Trainee: 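Quick one: this structure, given as structure tokens, is what I'll be asking you about.
Order of the sequence lines sets the chain letters (A, B, ...), proteins ahead of strands, with each chain counted from 1. No hydrogens, no waters, no symmetry mates; every other heavy atom, side chains included, goes into these values. Nothing here was measured: the structure is a model prediction, and the numbers come from that model.
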Amino acid sequence: MSKISGSKAIVKCLKEQGTTTIFGFPGGAVLDLYDAIFHSDLHHILVRHEQGAVHAADAFSRATGKVGVALLTSGPGATNGVTGIATAYMDSIPMVVLTGQVPTKLIGNDAFQEVDIVGITRPCTKHNYLVKSTEELVPTLREAFHIAKTGRPGPVLVDLPKDVVAGACHYPEEEEINMASYQPNYSPHNRQVEKACKLIMEAKRPVLYVGGGVILSGANKELTELAIKLNIPVTMTLMGLGAFPGTHELSMGMLGMHGTYTANMAVAECDLLIAVGARFDDRVTGKLDEFATKAKIIHIDIDPTSISKNVKVDVPIVADCKSALAAVNKLFDDEKTFSLTDEANKHLPWFETIHGWSEKHPLSYCREGDIIKPQYVVEMLDKLTGGNAIITTEVGQNQMWAAQFYRFNHPRRFITSGGLGTMGYGLPAAIGAQIAYPEKCVIDIAGDGSIQMNIQELATAKQYNCPVKIAILNNGFLGMVRQWQELFYDKRYSSTVMDISPDFVELAKAYGAVGLRATKTGEVESVIKEALATDGIVLMDFVVSPEEGVYPMVPAGKANTEMLLV
Amino acid sequence: MKHTISVLLTNKPGVLSRVTGLFSGRGFNIESLCVAETLEEGVSCLTLVTKGDENIVEQITKQLHKLIDVIKVTDISEKAFVEREMVLIRVKAESHTRAEVLRIIDIFRGKVVDVSPKSYAIEVTGAASKIDAFIDILRPIGIKEIVRTGIIAMARSKK
Ligand SMILES: Cc1ncc(C[n+]2csc(CCOP(=O)(O)OP(=O)(O)O)c2C)c(N)n1
């Protein structure tokens, strides 16, 4: 077999792995690779900043479930990507990031645009590689894809020295990957499943607490089946939204710091907490000692390190959420000693209690006549898109209002930076999602602060005809930080006032997009309608009530039952 | 409590920094760490001693196992095990102390590995507690230099 160049081998391998689209930004160290891309039918999206490339690839993955791929040059290209890599790592998003590197013989010499990106990203990648020879390129890439998408997914970085890519190699036959040191476990232990079912049978007040793992493993059907079969109320983390239909009567919405009153009360009062693909993060649990104190806990997660990390668990099940839930469902279906209906009816009193909570304190906000309430904007977006848009968010209040007031009935429709909370995520993420689904409506719900962190990506959206919609909830503040200052620092708004922002409508025009503005409640609906009816990019600037807060809110360090309400 | 953990890992570049990075990044502590090749080509054995309560040690073993290059993690101290450490000590040995130093070395089954007019370099192997005792006894005589290997350990085979 004849040899091919390293760069051709990389492109061939990407295609073999099912990659059709990559997001990147060129530079000296990756010139060869870009030349190979030029000759191929790989769809390359040229971003305007490398952070945008990584976020877009990450969102492409979140929207489709496929492995996202980003390509960056060495040195500053690679370091610009680090925030994006850390963002994906915290939310367990499968991604392969290719970085250029100086030629092997210059590594360690402080060469031009050299940086030890493998060292820098070691703690924020699932794994990473420096490829030392051209023959190793393809096997390493295959391993990178394998690691990124199996087990608990995550980003994998492959650093590519210029001479390695320029060299020649044989293109090896694809074979099954078998790594002695990496063998994630998918199937649940039968005894643990039996124990879990027994606990579920005994419970009078069960709650399903659902995280992003359910979406990552595609277990939403199995989860929904279990919840409905046994009449178990469901609460979701920020990352879990969409895993269970948000409009279903069993959905209690999000839990935790800005969770619903109902969800937080239900978790505090439940006698069984079934955690699925969630990790008891501090934003979810509040004060740990007072989290779900009356409950036995079942924890299903593919990552053993997540289990008993923060909270002691009664029945751990280390397995893929989908197979574990399927096993639980099957056990209940096969069980002949009791009737499922009886079992479901048993929870009716509990359901009544929960209903009482949601009637007493539903998610709400005070209307103020003409002044636009940000929550209202999100409600209208929900209504006018029929809850069917793909929503990306920036970070802060905008993100929480999106999570609270847009009701997600399907997985992979809510794309947000949960674990890292990265401002500037939403716009490049919207582009990534739009590239994946050109026909779908994609909306970035943004703050006036965050949107400016990657606003340059408007040009990317324009270049590739991505008709993304951006809804800026413009409060003139770094709102979420301002809210903490209001509540805990006596309203000393230290460096959170953003009274100088660009004229977003004019800015949109400068980028060749449509800009719309609403300053009164009555204008919100027509602005959204016009935006949705417009073919291209639309930036909507909603001038909202400046000091609106996100409620409920559990103050840091407090128990989840000590919520501040509207 | 102290735990001695044995880790089998594939011998790839950077693998040691993955392990130490894990400990520093997650705030676990390392009391000692030793690593060398095993019989199997490309596989190294790393022995590390760490301190922490049950939960922390459980996290440590799980997190270690999660590293892609790690093949096997065993908390050796959960079962019966033997541990050994070696120390090289240069101690003052002048005419009036030479005899005493030699006597002490003998008691600890040590060996003199280098001699100079005013000092001995000594090699002693044993459990960490024995090494500590040896150092304590030599201290009043005057230790000039000391190098310890860190602990290596092996589970005892079942009888
Ligand atoms: C990159 C980054 N820097 C800082 C923060 C801290 N932070 C969290 S929310 C927030 C305010 C965001 O303001 P804005 O985008 O206007 O949104 P709002 O909260 O007003 O909706 C800040 C500064 C962050 N999450 N990310």
Trainee: Please flag which part of Leu130(A) lies under 4.5 Å from any non-hydrogen atom of chain B: side chain, backbone, both or neither.
Mentor: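 No part of it gets close to chain B.
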Trainee: Between Leu8(B), Ile71(B), Leu67(B), which residue shows the highest count of heavy-atom pairs closer than 4.5 Å to chain A?
Mentor: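 Among the listed options, the one with the most contacts to chain A is Ile71(B).
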Trainee: More than 12 non-hydrogen atoms from neighbouring residues, nucleotides or ligands closer than 6.0 Å to CD on Glu94(B), yes or no?
Mentor: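 More than 12 within 6.0 Å, yes.
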Trainee: Using a plain distance cut of 3.5 Å, could you tabulate donor-acceptor pairs between chain B and chain A?
Mentor:
| from | atom 1 | to | atom 2 | distance (Å) |
| --- | --- | --- | --- | --- |
| Ser17(B) | OG | Arg122(A) | NH1 | 2.6 |
| Arg18(B) | NH1 | Asn128(A) | OD1 | 3.0 |
| Arg18(B) | NH2 | Asn128(A) | O | 2.9 |
| Arg18(B) | NH2 | Asn128(A) | OD1 | 3.0 |
| Gln59(B) | NE2 | Thr305(A) | O | 2.8 |
| Lys62(B) | NZ | Pro304(A) | O | 2.9 |
| Lys62(B) | NZ | Ile307(A) | O | 2.7 |
| Lys66(B) | NZ | Asp303(A) | OD2 | 2.7 |
| Lys66(B) | NZ | Thr305(A) | OG1 | 3.4 |
| Ile68(B) | O | Ser181(A) | OG | 2.5 |

Trainee: Just checking heavy atoms, which of residues 120-150 of chain B are less than 4.5 Å from chain A?
Mentor: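 The stretch does not come within 4.5 Å of chain A.
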Trainee: Taking CE in Met154(B) as the centre, count heavy atoms belonging to other residues, nucleotides or ligands within less than 6.0 Å. Is the count above 12?
Mentor: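 Check fails, neighbour count at 12 or below.
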